[in-house]
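Working notes, structure below.
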Amino acid sequence: MSGSVRPRRIAVYARRKDLVIYAWHRSDAGFWLAGLPAIQVSADATATELSGIVRDVLARSGTTVPTPRRDDYARRLKPVLQAVGAKTW
């Protein structure tokens, strides 16, 4: 893979009657971490709506982030949970 191409990764999960779509970012140590953007959308969304959301989240994924300390993970994931209206992972 060329050094100018950054790998991108997202996750899509079904939750109740919604879909949760969020980005993964790469830590400077090389492992992947869940992060923003994180979007909750109705499972009834059209293919066009979903396609736009997936493309947007994918385009914003894969950035390099600082490697969190072991006790920092809960704080780091809090914005993802808040963005989709969840209390726990």
Side-chain angles (χ1 to χ4, degrees):
M1 178 179 319
S2 164
S4 64
V5 176
R6 82 171 189 253
R8 299 171 196 280
R9 182 179 291 180
I10 65 171
V12 179
Y13 290 96
R15 188 172 77 101
R16 289 183 228 128
K17 295 181 184 208
D18 297 323
L19 297 174
V20 171
I21 304 166
Y22 62 87
W24 285 93
H25 299 281
R26 208 163 185 185
S27 74
D28 50 18
F31 58 87
W32 292 92
L33 297 162
L36 297 175
I39 298 169
Q40 181 177 349
V41 62
S42 170
D44 295 330
T46 67
T48 301
E49 291 169 322
L50 290 174
S51 173
I53 292 168
V54 165
R55 286 175 188 264
D56 180 55
V57 174
L58 192 58
R60 296 164 58 193
S61 72
T63 58
T64 302
V65 296
T67 301
R69 295 186 321 256
R70 185 180 304 259
D71 59 348
D72 228 6
Y73 282 92
R75 181 192 60 76
R76 191 183 182 302
L77 291 175
K78 190 173 184 177
V80 176
L81 295 173
Q82 288 174 331
V84 298
K87 294 182 181 175
T88 62
W89 193 253

Is there a path of hydrophobic side-chain contacts, each under 4.5 Å between heavy atoms of I, L, V, M, F, W or Y residues, that connects [X] with [Y]?
X   : Y   : result
V54 : V41 : yes
V84 : L19 : no
V12 : V20 : no
Y13 : V57 : no

Give, for atom [atom1] of [X] and atom [atom2] of [Y], the distance between the pair rounded to the nearest 0.5 Å.
X   : Y   : atom1 : atom2 : result
L77 : T88 : CG    : OG1   : 11.5 Å
I53 : L58 : CD1   : CG    : 13.0 Å
H25 : R60 : NE2   : CZ    : 8.5 Å
L36 : S61 : CG    : OG    : 12.5 Å
R9  : R26 : CZ    : CZ    : 8.0 Å
T67 : R76 : OG1   : CZ    : 9.5 Å

If you look at every heavy atom in [X] and [Y], which pair is closest and at what distance?
X   : Y   : value
L33 : P68 : CD1-CD, 3.6 Å
A38 : A83 : O-CB, 3.5 Å
A11 : W24 : CB-NE1, 3.4 Å
W32 : P7  : CH2-O, 3.7 Å

**Report entry** D28 (side chain) donor-acceptor with P66 (main chain) under 3.5 angstrom
**Finding:**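 No; judged by distance alone, with no hydrogens or angles, the pair does not exist.
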Query raised in the report: Has the side chain of S51 got a donor or acceptor atom that lies under 3.5 Å from a matching backbone atom of T48?
Result: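 A pair under 3.5 Å: no.
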Report task. Answer yes when D18 and R15 have at least one side-chain N-carboxylate O distance shorter than 4.0 Å, and no when they do not. Result ->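 Between R15 and D18 there is no salt bridge, as every charged N stays at least 4.0 Å from the carboxylate O atoms.
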